[in-house]
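This report refers to the structure that appears directly beneath it.
Throughout, protein chains are lettered first and strands after them, A, B, ... in sequence-line order, and every chain is numbered starting at 1.
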Number of protein chains: 4
Amino acid sequence: MSTPQPRRRTRTDAERNRDRVLEAARALFAESGHDVQMSEVARVAGVGVGTLYRKFPTREALIEAIAEQRTADIIAAARRLADADDPADGLARLLHHVGEVLADDRGMSEVIEKAMGSGEPREETREALLAIAGELLDRAQAHGTVGREVTTGDVNMVICGLAAVIRNAAGDWRRYIEVALDGLRSR
Amino acid sequence: MSTPQPRRRTRTDAERNRDRVLEAARALFAESGHDVQMSEVARVAGVGVGTLYRKFPTREALIEAIAEQRTADIIAAARRLADADDPADGLARLLHHVGEVLADDRGMSEVIEKAMGSGEPREETREALLAIAGELLDRAQAHGTVGREVTTGDVNMVICGLAAVIRNAAGDWRRYIEVALDGLRSR
Amino acid sequence: MSTPQPRRRTRTDAERNRDRVLEAARALFAESGHDVQMSEVARVAGVGVGTLYRKFPTREALIEAIAEQRTADIIAAARRLADADDPADGLARLLHHVGEVLADDRGMSEVIEKAMGSGEPREETREALLAIAGELLDRAQAHGTVGREVTTGDVNMVICGLAAVIRNAAGDWRRYIEVALDGLRSR
Amino acid sequence: MSTPQPRRRTRTDAERNRDRVLEAARALFAESGHDVQMSEVARVAGVGVGTLYRKFPTREALIEAIAEQRTADIIAAARRLADADDPADGLARLLHHVGEVLADDRGMSEVIEKAMGSGEPREETREALLAIAGELLDRAQAHGTVGREVTTGDVNMVICGLAAVIRNAAGDWRRYIEVALDGLRSR
DNA sequence: AATGAATGAGGTTTCATTCAT
DNA sequence: AATGAATGAAACCTCATTCAT
């Protein structure tokens, strides 16, 4: 109560709590998708539900926050791929990176599958991802490894399908990517 | 009354009610997927919940019944396609048929997306569909329109992806099919 | 439809149905007590629920009817015992007879247990049974095998307890009767 | 605040609520037996149904909790009786104590009646009670107030019958106990 | 009179969210 | 700011009883 020591301000408890919630939610969503109870998230985070709700006023807000975070990771990685020098198979590498992420994260496969759709939420995610995909696409087209008529919309669908294949364990998703790339490349 | 044939009761009221329930469920599931309340189904069907539960003792049973019915339709249509004489583009026509059905039925896109996965339920659906797809695949390969190394597993993934693309309105699904077919055709 | 034969009137279908319902209910109640669904009774009786409800407008009415029937059997047997010449151990024989009946009929053990209470229903049953018990009691008292201060109320309680012992399989009910009789005899 | 001892929160609100639920359930069960709705219990307790289910995750759990509590009371009282010095009429006093409790509590008469049976649940209750009854029985037999051949099984039946007599208001239960004791004493 | 399908009130249980401490 | 108990609106399902044929 009367501790004279000035609180070190690098990291407040509040911030730490927020992180713990995010981490717990990330882990749980990755494991089981979004069908997880709020109280379970709080329990795993080691905080009370009240705290959880203070940070994220709504179940949706929490899911959104995780999605945003993880999506940003994907986009950052995509950015790095796009900025790298290797130009020809950038798109392939982007798809494989997304696959790797989704294969380890059930929640994210749900998010990405939805995000590639035209509903309200996560419009920016799609746009950001497709913007980068567009760059890679241009280069691939310049190299002749992808057909001229291919659009980012096509990539959009391929990614959506990829998410579904992974989420439902519908087969070997790397093979799916190969097929899709062949499809984009042909002609 | 004066029908010469002994009046066979072709449709009892009970059967009619069953159909009304099925139709209501089908419409609601098509419109909004499976997140529909039993009481809502009953209301739309114009029957009491008790009646609904008499026909389908469980929420799952109702979903299953609709899925079975619609799945059978798809498979029957696929069968007809496979039995038709035209051999070259049978696979393409199969995919388009599936697309048409799913595009009008949100519930079915959920069903098919899941069905193409490796979980327990609806295993037969997948197998039946893939069996027919396998025939069409063979023919296409004989015609050289599909690569020799393509398997029904690839078709499985393509269909799963297709369902996701449609369900999430992730783009022009006919174009998705073209891309996928090109991918299977290449090499 | 145009059968000329006059219907034999010894036993109408309606009467036969009533008996089938009674028999089914008796058997089911004996087996499982009164927690049996009306539709189950109808099914076992081989009639529709509607028929069942025509005969017995209420679940309670059906239970009541069975109770009445079976109770009448008990009372008749008691009557015969009382009218027999053997005077000394009539009460013992009455109790044992009741025990035999209840041991084979879970529903009846419920009925008798309740009937010996002071609630509304089955007042007459209790009175009829106790009237006969009273006669036997008198004789036993005359013979000195039962104490002078013993009343039919005491017998009432002994029977109620007997029903409970049997219904709950709480021990050897014949031994219970011995103890009770010793209790009534003593002094 | 100025308590020297570190303020130990003796009773949190949660505990108070738990007690309110227990008390409400106890009162309702005592009044009407176990055929009481959960929502009614919640209403009387002055809490929401959710709270009730937080404390007792199941209807059965609540009934069990009440039964356990009250049963423990009975056994504790029996224990005290057995530990008291007065040896001769301990059994009588035990029975009367049980009678007093059951007479004020319909739910408990149901519980005890069942508990004395040979089904699975509440086996320990019966055993605990009969263990104590056994001690009292031994002493009574040593004093000659109960016959040598009497067993705890006999007491078991007497208690079961007592519960039934009380539950169904089948007469003066104190008199029932007298008769039963006379029965055990005789010979 | 018989049938059994239909009814819907009523019961249990869950879980996102609120709120008193 | 943190806590977690409390809340109560749903959602599912059952079964005694009614009613059209």
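Atoms CZ (A/R54) and C1' (E/dA20) sit 14 Å apart, rounded to a whole Å. Atom CD of B/Q37 and atom C1' of F/dC13 are 14 Å apart (whole Å). Taking atom CZ of C/R43 as the reference point, atom P of F/dC15 lies 14 Å away to the nearest angstrom. Between B/R16 atom CZ and F/dT21 atom C1' the separation is 12 Å, expressed in whole Å. Between B/R18 atom CZ and E/dA6 atom P the separation is 11 Å, expressed in whole Å. Atoms CD (D/E15) and P (F/dA6) sit 11 Å apart, rounded to a whole Å. Between the OH atom of C/Y53 and the P atom of F/dC15 there is a distance of 12 Å, rounded to whole Å. With rounding to whole Å, C/R20 atom CZ is found 11 Å from E/dA2 atom C1'.
When distances are taken from the side chain of B/K55 to each of E/dT14, E/dT17, E/dA6, the shortest belongs to E/dA6.
Place C/L52 and A/G50 on DNA chain E by their nearest nucleotides, and C/L52 ends up nearer the 5' end. Comparing C/E60 and B/R59 against DNA chain F, the residue whose closest nucleotide sits nearer the 5' end is B/R59. The 5' end of DNA chain E is approached more closely, in terms of each residue's nearest nucleotide, by C/N17 than by the other of D/M38 and C/N17. Taking for each of D/V47 and C/V49 the nucleotide of DNA chain F with the nearest heavy atom, the 5'-most of the two is the partner of D/V47.
Within the 4.5 Å cutoff, the side chain of B/R106 has no heavy atoms near those of the B/H34 side chain.
In the displayed structure, C/Q69 atom CD is contacted under 6.0 Å by more than 12 heavy atoms of other residues, nucleotides or ligands. In the displayed structure, B/E23 atom CD is contacted under 6.0 Å by more than 12 heavy atoms of other residues, nucleotides or ligands.
Proximity of B/T51 to the phosphate of E/dA5: no side-chain N or O atom is located under 4.0 Å from OP1 or OP2.
Ion pairing of A/E15 with A/R18 is absent here, as no side-chain N (NZ or NE/NH1/NH2) approaches a carboxylate O to less than 4.0 Å.
The nearest pair of heavy atoms linking B/R26 to B/D105 is NH1-OD2, 4.3 Å. Residues C/G46 and C/R20 come closest through the heavy atom pair O-NH2, 3.7 Å. Closest non-hydrogen pair, C/A163 versus C/S109, comes out as CB-O, 3.6 Å.
In this structure, E/dA9 and F/dT14 make a Watson-Crick or G-U wobble pair, each of the two defining distances being under 3.5 angstrom. Applying the Watson-Crick and G-U wobble criteria (two distances, each under 3.5 Å), F/dA20 pairs with E/dT3.
Residues of residues 23-32 of chain D that place a heavy atom closer than 4.0 Å to DNA chain F do not occur.
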